[in-house]
Structures are given as C-alpha cells and as structure tokens.
Amino acid sequence: MTTDPATKLLRIAVAGSSGRMGRMLVEAIAAAPDCQLAGALDRAESPAIGQDAGAPMGLTTGVAVTADLDAGLGGAQTLIDFTRPEGSLAHLQACLRHRVAMVIGTTGFDAQGLARIREASRTIPIVMAPNMSVGVNVVFKLIEQAARALSEGYDIEIIEAHHRHKVDAPSGTALKMGEVAAAASGRVLERDAVWARHGHTGEREPGSIGFSVIRGGDIVGDHTVLFAGTGERIEITHKSSSRATYAAGSLRAARFLADKSSGLYDMQAVLGLES
C-alpha cells in the first residue's frame, strides 16, 4: 500500500461521490498536491453516473462516477467511505478483492458488520472512526482525562445535534464519547447508558450516562459532554461548521495507511494520540 513510484501520488477512490460528504472529499483530493482521485463510486440509480466526479464543484477530474465497484477500485490504493453500513460492507468485499485499503467513516454498523470489518483488516489495512475530524479526536482525549479525574461526584450527559437527514441516533461520535467517558470513569456504557427520558423517570441513577439527540436543519455536527457536579459544571464541546474537517482528517488517514499492509486502526492511531 505505497504511493505510485512514478507519480508519487496517493490514488484514492471515493464512495458515495455525489453525496454531500462525497463531493467534499472529491474537492479535497483535487486540492491535495500528494493525492489523486482514482475512482468515484455511487449507486446505479444516481443521476451522476457517467458524469465527471468534479462536475458539481466546477472541477474536471477525468474520473467518471460509476456503480461498477471493480472498475471504480481498479486503479485505487485506498477507498474513503462515508456511506451507509450496507453499502460500506459491499465496498469492503470489493476492497478485499483488489487489496485496496479503506478509510471508513460510516456509522451505525451492527455487531455482525463490525466483525466483518475486523476480519477484513487481517488482509487489508483499515482506518475506522465515527468521526474523522482532527479536533473531535483531540476532544476524545480531553474527555478521557476529564472523566478519569471526575469519576466521582459528577454526572455525565452527552448532547449531540445533526442535520435533519441523519438516519442514526445517537451519532457514532456521541457513542464514542460515551465509550471513552465510561471506560475512563469505571462505568460500562452498555449497562449505564440512558438513551431517552419521558414521563415519571424518578431520580437520576448514580453512575448513569445520559444521551440527548437533536435533529434539524443543516447542522453539520455539534457534540457536548457535560460533567455536572455540586456547585460547578464542566463542558467539553466540539462544533463542526463544515464537512471539510472530516475530509481533511480522512486524507490524513489515507496517508497513514499508505505503508500499512493490514490492521484495524482508529484516528487516535493516525494522530499519535493513543494512550
């Protein structure tokens, strides 16, 4: 998984290339001096099929959008995928056939899907993260430190907001924040999470981690972890104003994979933030 020795460019394919995130990725790759768009994938019914992948942004990439996975991945070293679980798993099989690395930003996988990704990582290198933003992954580290120091006497609440089109809740980023906070504070998220409150709920259970979800408008992504104690509150917040942050992080992940032959990594590994 190295760059082309002739061009020194990292050849990247994009899944869902005509979607909001896909267009941002195509634009970011076109602007990166060390990267080259090598494939653009979309569903067969997409009106973008056959068109230049850069056309919506006024760019000429020379790469036509295709629904043919083998054609779209044939010249690629890495596929960046921000689609949906069923699509990402189909793309995973094609990447295995072509020995193409994957950067997976898709969320909402079930246990079986996650197991398939782990198994595939024995053969190809994969970066998988619920949020590719560099800033969000720094926030994960801050949450870990805060949760460890505030493990007693502080209630943890996680509030997230996204656009009206998001189909999973809570967001993968919010879930990851909950996992980080739970692990650092001696909790177990599967046991201690409170996903919704309605009616006569009674007092808050000590040690629980609450989640609140907002969906509306064109909110790119806001996340807050609240540590509420007696006499004080600590809030760690990240707000995304553009998907460009996810695209930039995805390219960092693709570069990270360039010299890897296999393995499953997250953005903490990409950014050197692992404990």
Side-chain angles (χ1 to χ4, degrees), residues 1-108 117 120 123-128 132 163 165-167 218 220 242-258:
M1 299 292 176
T2 57
T3 54
D4 185 332
T7 64
K8 304 299 184 183
L9 297 178
L10 183 60
R11 302 186 306 277
I12 302 174
V14 175
S17 60
S18 61
R20 291 185 299 273
M21 189 64 217
R23 291 195 299 269
M24 189 67 71
L25 286 164
V26 169
E27 192 169 23
I29 292 167
D34 61 336
C35 298
Q36 178 183 49
L37 186 68
L41 302 174
D42 215 329
R43 296 172 296 175
E45 64 270 24
S46 170
I49 295 295
Q51 298 179 4
D52 191 291
M57 293 78 70
L59 300 173
T60 300
T61 66
V63 176
V65 180
T66 180
D68 185 329
L69 298 185
D70 294 318
L73 293 174
Q77 296 164 267
T78 304
L79 173 68
I80 302 178
D81 191 325
F82 280 79
T83 58
R84 295 191 179 183
E86 60 273 17
S88 295
L89 292 174
H91 302 153
L92 180 71
Q93 293 305 118
C95 285
L96 283 169
R97 289 197 300 272
H98 291 275
R99 293 298 190 268
V100 171
M102 281 191 81
V103 175
I104 303 175
T106 306
T107 60
I117 292 168
T123 303
I124 60 173
I126 298 172
V127 169
M128 181 177 177
M132 294 290 170
H163 53 87
H165 302 292
K166 188 167 179 61
V167 298
D218 62 353
V220 175
S242 169
R243 291 178 179 82
T245 58
Y246 308 145
S250 298
L251 293 191
R252 288 185 68 161
R255 295 181 184 106
F256 173 84
L257 291 177

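All figures in this text were calculated on a predicted structure; none of them were measured in a lab. For the numbers below, each heavy atom of this structure counts, side chains included, while hydrogens, waters and symmetry mates do not.
A donor and an acceptor atom, one from each side chain of T60 and D52, are nowhere located under 3.5 Å apart. Side chains of D68 and T66: no donor on one and acceptor on the other come within 3.5 Å.
The shortest side-chain heavy-atom distance between R11 and T78 does not fall under the 4.5 Å cut-off. Between M57 and V26, the closest side-chain pair of non-hydrogen atoms falls below 4.5 Å. Counting heavy atoms from C-beta outward, M24 and S242 have side chains that approach closer than 4.5 Å. The shortest distance between side-chain heavy atoms of V103 and F256 does not fall below 4.5 Å. Counting only heavy atoms from C-beta outward, the side chains of M128 and I117 approach each other to under 4.5 Å. Side-chain atoms of V127 and M102, non-hydrogen and from C-beta on, never get closer than 4.5 Å to each other. Between L37 and I12, every side-chain heavy-atom pair lies at or beyond the 4.5 Å cut-off. Under the 4.5 Å side-chain criterion, counting only non-hydrogen atoms from C-beta, F82 is in contact with S250.
Using modelled atom types, no side-chain atom of H91 and backbone atom of A94 make a donor-acceptor pair closer than 3.5 Å. Between the side chain of H98 and the backbone N or O of V100, no donor-acceptor pair lies under 3.5 Å.
Contacts of R23 classified as salt bridge (Lys or Arg N to Asp or Glu O under 4.0 Å), with partners at least two apart in sequence or in another chain: none. Residues passing the salt bridge (Lys or Arg N to Asp or Glu O under 4.0 Å) test with D218: none are found, sequence neighbours excluded.
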Check: residues 15-22 side-chain donor-acceptor pairs under 3.5 Å, at least two apart:
residue: S17; atom: OG; partner: L41; partner atom: O; Å: 3.3
residue: S18; atom: OG; partner: D42; partner atom: OD2; Å: 2.0
residue: S18; atom: OG; partner: S46; partner atom: OG; Å: 3.4

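The neighbour count for R84 CZ, taken as heavy atoms of other residues, nucleotides or ligands under 6.0 Å away, does not exceed 12.
Here R97 pairs with D70 in a salt bridge; the nearest charged N to carboxylate O distance falls below 4.0 Å.
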